[in-house]
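Position 1 is the first residue of the sequence, and the numbers go up from there. This structure is a prediction, so every number in the text was calculated from the model and none was measured.
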Amino acid sequence: MKIRDIEIKNSVIMAPMAGITNMAFRKIVKEFGAGLVYSEMVSDKAICYGNQKTIEMLQVDEGEHPVSIQLFGGEVESMVQAAKFIDEHSNCDIIDINCGCPVNKVLKANAGSKLLQNPQLIYDIVSNIVKNVSKPVTVKIRSGFDKEHINAVEVAKLIEKAGASAIAVHGRTRSQMYEGHADWSIIKAVKEAVSIPVIGNGDIRSVEDARRMLEETGCDAIMIGRAALGNPWLIKQVVESLEHGTDIPEPTYKEKIAWCLTHAKRLMTIEPERIAMSQMRGHAPWYIKGLKNSSAVKNELSKVNTYEELEKILKDYEQFLDTL
């Protein structure tokens, strides 16, 4: 698949997730074979105001190309200004516009899935950004704001008309948040309505899910989100199955623990140890999810402040698992 002139080597894409898809996480997912990765969403206003932390989030490591920086906001002028800054100051490959985030904090800024209530504003934002940047522009949307307002096809047509190079569709409405089931028929309808590449998102938790979405919707690529947390092996399993028809075995507990510690070390290269470990309080439990007696260990992991503490908890747990 190509997004304008950017070659995407396979059809497995890592979804953008706030507080998750920083450089450390993206590099891990890339090593496990993802064809494209996205940054955490960044605020247009924060970029316009020169917020240093936000500007640091625009950094891309050479080992993670192609990578998309996702931008959110609700006003044409500030979105264009921020997109131009990304275009000129980030070595990312693609600029993505967030029209899908369902959280209230983003909606209050008239951004994310709130924009689905104003398709014309989406068109104005996308068309003006496309005119002012050199990188390809893509958009991520949901099926609609709520079940009474399913307008993904209408919005997708406007996004294509505005000059976007691809569109990702999450099959849930904003009101569903992350609950219930994603409606893949909406992804199919979008694919049939536009000629730009369509990326399907929602409820992909296995190789079988990935295959089924591609078959049922005809989408050009699939986007995996929460199912890959603590489980980048899912990315590799889907890539290998789709590309070569081969099965990759489930990881051992030793592999899970080793990669969890690798993740922590990489976080410390981009964040102070204290902040990296606060993030690992969330990530580490995902790595050991489903392993025997993991609930007690998760409780310990929720309190770690140093890498040394994290390593000791996980190594002790590994020794316990060795005895089973």
Side-chain angles (χ1 to χ4, degrees), residues 1-8 10-17 34-39 41 66-74 79 83 92-102 111-131 133 135-145 149-174 182-204 210 213-214 216-225:
M1 184 179 75
K2 274 192 169 185
I3 294 179
R4 206 181 74 188
D5 54 339
I6 305 298
E7 188 81 39
I8 312 298
N10 62 56
S11 59
V12 183
I13 295 171
M14 186 71 224
M17 289 181 282
L36 174 66
V37 292
Y38 284 63
S39 73
M41 61 181 180
V67 59
S68 176
I69 296 289
Q70 190 182 67
L71 180 65
F72 78 93
M79 284 290 279
C92 69
D93 304 282
I94 297 164
I95 298 172
D96 185 72
I97 312 304
N98 183 313
C99 297
C101 180
S113 55
K114 178 78 171 176
L115 289 168
L116 295 171
Q117 296 182 315
N118 190 344
Q120 182 60 44
L121 180 56
I122 293 177
Y123 174 83
D124 292 342
I125 288 171
V126 176
S127 62
N128 279 283
I129 289 175
V130 168
K131 290 171 190 170
V133 302
K135 299 181 194 294
V137 176
T138 62
V139 185
K140 188 169 190 286
I141 67 170
R142 283 187 169 232
S143 59
F145 194 80
H149 301 90
I150 304 290
N151 62 347
V153 170
E154 173 198 351
V155 170
K157 287 178 177 178
L158 285 171
I159 287 168
E160 180 178 40
K161 184 181 174 186
S165 297
I167 183 168
V169 184
H170 186 140
R172 286 181 175 83
T173 63
R174 183 272 156 180
D183 186 347
W184 291 359
S185 69
I186 292 161
I187 300 169
K188 182 175 190 285
V190 170
K191 174 59 187 170
E192 291 171 352
V194 299
S195 58
I196 56 176
V198 173
I199 302 160
N201 180 212
D203 290 349
I204 298 177
M213 180 181 275
L214 288 166
E216 288 184 12
T217 71
C219 63
D220 301 277
I222 54 102
M223 181 177 275
I224 297 176

Inspect the surroundings of NZ in K191 and state if more than 12 heavy atoms from other residues, nucleotides or ligands are less than 6.0 Å away.
-> yes
Working to the nearest 0.5 Å, report the span between CE of M17 and CD of Q70.
-> 11.5 Å
Where do A83 and L71 come nearest, in terms of heavy atoms and distance?
-> N-CD2, 3.8 Å
Out of curiosity, I125 CD1 to L158 CG, how far, rounded to the nearest 0.5 Å?
-> 12.5 Å
Look up atom CG in L115 and atom CD in Q117, then write down how far apart they are to the nearest 0.5 Å.
-> 9.5 Å
Where do A15 and G225 come nearest, in terms of heavy atoms and distance?
-> CB-CA, 3.8 Å
Do you know which of V67, T138, I94, D93 makes side-chain contact (heavy atoms from CB on, under 4.5 Å) with L36?
-> I94
Should I97 and M79 count as side-chain neighbours, where that means a heavy-atom distance under 4.5 Å?
-> yes
Nearest heavy-atom neighbours spanning E160 and A193 | OE1-O, 4.3 Å
Minimum side-chain heavy-atom gap Y38-I13 below 4.5 Å | yes
Out of curiosity, K188 NZ to D183 CG, how far, rounded to the nearest 0.5 Å?
-> 12.0 Å
Can you check whether K140 reaches H170 side chain to side chain, under 4.5 Å on heavy atoms?
-> yes
C99 vs I122 side-chain heavy atoms within contact, under 4.5 Å = yes
From CD1 (I141) to CD1 (I167), nearest 0.5 Å = 4.0 Å
Using a 4.5 Å cut-off on heavy atoms from C-beta on, say whether the side chain of R172 contacts that of D203.
-> yes
Test item: L214 and C219 side chains (from C-beta on) under 4.5 Å apart, heavy atoms = yes
Is any side-chain heavy atom of V198 less than 4.5 Å from a side-chain heavy atom of T217?
-> no
Closest approach of P197 and S165, non-hydrogen atoms and distance?
-> CD-O, 3.2 Å
Please step through side-chain contact (heavy atoms from CB on, under 4.5 Å) for the pair K135 and C92, ending with a clear verdict.
-> CA-CA 9 Å; K135 299 181 194 294; C92 69; 3.8 Å; yes
Would you say the side-chain atoms of S113 pair up with the backbone N or O of F145, donor to acceptor, closer than 3.5 Å?
-> no
Grab the two heavy atoms, one from I196 and one from D220, that are nearest each other, plus how far apart they are.
-> O-OD2, 4.3 Å
Could you tell me which non-hydrogen atom of I222 sits nearest to which non-hydrogen atom of I199, and how far apart they are?
-> C-CG2, 4.1 Å
Got a donor-acceptor contact below 3.5 angstrom from the N151 side chain to the E154 backbone?
-> no
Output the distance between atom CG (L116) and atom CZ (R142), rounded to the nearest 0.5 Å.
-> 9.0 Å
I95 vs I69 side-chain heavy atoms within contact, under 4.5 Å | no
